[in-house]
Protein chains: 2
Amino acid sequence: MNSMTTPAVQASRGPVTRKDVARYAGVSTAVVSYVVNGGPKKVAPATEAKVQDAIRVLGYRPNAAARALKLGSSETLGLVVPDISNPFFALFSHAVEDAAAALGYALVLGNSDGNLAKERRNIRNLAARQVDGVLLASVLFEPDLEVLETAEIPSVLLNQERDAPGFNSIGVDLAAGARIAVEHLIGHGHTNIGLAMGTNVSGATDGREVGWREALQEAGLPEGPIVYSAFTRPGGYTAGQRLLASVNRPTAIFATSDMQAIGLLRAVHEAGLSVPGQMAVASFDGSAESEYSWPPLTTVEQPVAAMAEAAVAALVGASRGEKPRHRIFPTTLHVRQSCGCP
Amino acid sequence: MNSMTTPAVQASRGPVTRKDVARYAGVSTAVVSYVVNGGPKKVAPATEAKVQDAIRVLGYRPNAAARALKLGSSETLGLVVPDISNPFFALFSHAVEDAAAALGYALVLGNSDGNLAKERRNIRNLAARQVDGVLLASVLFEPDLEVLETAEIPSVLLNQERDAPGFNSIGVDLAAGARIAVEHLIGHGHTNIGLAMGTNVSGATDGREVGWREALQEAGLPEGPIVYSAFTRPGGYTAGQRLLASVNRPTAIFATSDMQAIGLLRAVHEAGLSVPGQMAVASFDGSAESEYSWPPLTTVEQPVAAMAEAAVAALVGASRGEKPRHRIFPTTLHVRQSCGCP
DNA sequence: CACCCGTATCTACTCGAGTCAACAGGCCAG
DNA sequence: CTGGCCTGTTGACTCGAGTAGATACGGGTG
């Protein structure tokens, strides 16, 4: 029994706590905290060295759960996207993770799989985990804000063209982006320009459709055929087949996402037509994939990194009491070969 | 007056705690816990109803941080990948998130950007956040296990062909996969088959290279040219240019990832060669992108969903004391057109 | 009627870290 | 030599939830 009296220099009892460090360094637990966070009080250099030493020797890592409990913040952000394996969202996620990590936040990821119920479940789950904010790329053009409201978490709506009062939102100028792409196609002399339009679960009209229409109207051209299909490669593929089969087959097509354009290219190739010779193509997103399709796609690039940074900044700003705002980012046309440029 | 006796319906003081619920329902906090988790003690049906009511009315959500602190588990898994915007890892992440969500775990994502220091930082960060396990797709062929060991977290090594004793690991049979692809190319009559080999930061030989070599040896064919480059589209592009410029230009190429193959296709197209007519191509991964390249890629598919499920299962198993093991998954050849099949 | 027992509930301690009020000691001015 | 002040350090309380141990109550048995 008294053979047990020796304190036995921390016989590797799994988790090392602040107390262990304090004991080892011969100081109080408060000092350890002060050292770890450059705390609210100063610590004598000699003491600090002792503590740093103890931390290193024992391999101490502050328990984030305890920290989160005390501070009321988990230093964690949540991101809900329809599908992370969609290259656009993958790219976006990467940028968000970078921006979050730079500010010391971790990122919890959730896929909604284009399913509203799953989107809601994800948001509620994140709320329960006390994330400090959620970034939501909703499956709806106009997301149901109710879930976010009842969850009482700072949030940012992504890919939102419209302003949602009381919410942070971020989006690109879809109409303007579509317009420059279609104008570029018009500049190549095309007079019959089709549209491969992506669809979402809600029915609101997308800015890309209005941009396409505006560009044609301004140039005094008639509207080419429109085909609606999913924002995916297969969606673009079937859209392509239908556009090629339409009575007045267009000589150029604007696709509302790179993925659709990739699918569309396949349909055009299968039909034995040359791109851009017999069918010019331009699209929207500016994903990495677009650079390596054949031919490389002329596409409207979204400033993904800037948007991600702004979204994260809005979230951490919200926790400091800043008021929500709506930001629209400009796009830039990336000219490659699918439009007819050399 | 009885006006004072009313509990004063929670004047919206931000976070609702267990205590608020207890007060509102007229019970102790313990009972609230018992109700919330079907607790270790039974609760009378009538009381339970009162509590459920209070929870609903007040909109109570248990604080995950407090829960994590007490239980020593955050019901969270960490995933560290080189780059989430790489379609293969994006697909994998999605599968992991699905598997984790099915078991009630959230997923924290970290990118290492092919950078060992960042990989380590990510792991340490996850460790501090008391994740219940981490899935690591290391930037190294042979990851440094030290970080994982000192972090003392259950972990799974992904994309590991080799067995790492004491660790869970999961991988595909790279050599076998490469062999069937190369054998398929040989079946098309090719006798000079090049290799576009991806490189990692460590120098160990990849199974895909041995598979390629084995297939050629077994068929009594000489080794075609090898070019090493990054596992990316640009990497494949330059690899393609170099293979096309090599003294004995191959008539078929095996690329060790779909991304490389996509880049390679661009180089071949730019050279004005037809695929598969003048240059056949096969690759490795089975990503969605491979189906929509031109021509569609014949590729070796990895069973991503099964691997993700197994990885998550290994992690939750580990927290129950199961011992680590190494699992290798078989691949399947997806025949499309880039190899020469109609 | 006293006793025991099972059920339902409550009290109180715990997890690990942040931080404030209190306190020790050293130094200088008066 | 004393008083005041600055610097460095500490003890103790707190965050919200899980749960063991104590307690209250009602009913059945001897």
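Nothing here was measured: the structure is a model prediction, and the numbers come from that model. Atom set for the values below is all heavy atoms of this structure, side chains included, hydrogens, waters and symmetry mates excluded.
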Between B/Ala65 and A/Leu69, what is the shortest heavy-atom contact and its length? CB-N, 3.8 Å
Rounded to 10°, tell me the angle between the two end axes of the helix from C/dC1-D/dG30 to C/dG30-D/dC1, each built from five pairs. 70°
A/Asn115 backbone acceptor or donor facing A/Asp113 side chain under 3.5 Å: no
So B/Asp53 and B/Lys50, salt bridge (Lys or Arg N to Asp or Glu O under 4.0 Å) or not? Walk me through it. CA-CA 5 Å; B/Asp53 237 49; B/Lys50 273 193 302 182; over 6 Å; no
Contact class for B/Val31 vs. all strands (heavy atom < 4.0 Å): base, sugar-phosphate, or nothing? sugar-phosphate
So where does chain A start and stop touching DNA chain D, 5' to 3', when the test is distance under 4.0 Å to a non-hydrogen atom? D/dG8 to D/dG16
Sub-3.5 Å donor-acceptor pair from the side chain of B/Arg129 to the main-chain atoms of A/Glu75, do we have one? yes
Touch check for A/Val43, heavy atoms < 4.0 angstrom, all strands: base, sugar-phosphate only, or nothing? sugar-phosphate
Categorize A/Thr17 for me: base, sugar-phosphate, or nothing, with a 4.0 angstrom heavy-atom threshold over every strand shown. sugar-phosphate
Would the distance check show the side chain of B/Asn125 and the main-chain N or O of B/Arg121 forming a donor-acceptor pair, the cut-off being under 3.5 Å? no
Rounded to the Å, how far apart are B/Glu48 CD and C/dT7 P? 17 Å
For A/Gly171, is there any backbone N or O sitting under 3.5 Å from a side-chain donor or acceptor partner on A/Asn159? no
Return the 5'-most residue of the pair A/Pro45, A/Ala66 with respect to DNA chain D, ranking by each residue's nearest nucleotide. A/Pro45
Quick check on C/dA17: is either OP1 or OP2 less than 4.0 Å from any side-chain nitrogen or oxygen of A/Thr29? no
Side chain of A/Lys41 only, heavy atoms from C-beta on: which candidate in C/dA8, C/dA21, C/dG18 is closest? C/dA21
Protein-nucleotide distance (B/Lys19, atom NZ; C/dT11, atom P), rounded to Å: 12 Å
Do any N or O atoms from the side chain of A/Asn111 and from the backbone of A/Ile84 form a donor-acceptor pair under 3.5 angstrom? yes
Heavy atoms under 4.0 Å, any strand shown: does A/Val32 hit a base, just sugar-phosphate, or nothing? nothing
Interatomic distance, B/Ser112 atom OG to B/Phe89 atom CZ [nearest 0.5 angstrom]: 8.0 Å
Any chance you could lay out the side-chain hydrogen bond (donor to acceptor under 3.5 Å, both in side chains) test for A/Asp83 and B/His94, step after step, and finish with the verdict? CA-CA 7 Å; A/Asp83 177 8; B/His94 193 150; 2.7 Å; yes
First of B/Arg18 and A/Tyr34 reached from the 5' end of DNA chain C, by closest nucleotide: B/Arg18
Looking at every strand, decide which applies to A/Ala44 at a 4.0 Å heavy-atom threshold: base, sugar-phosphate, or nothing. sugar-phosphate
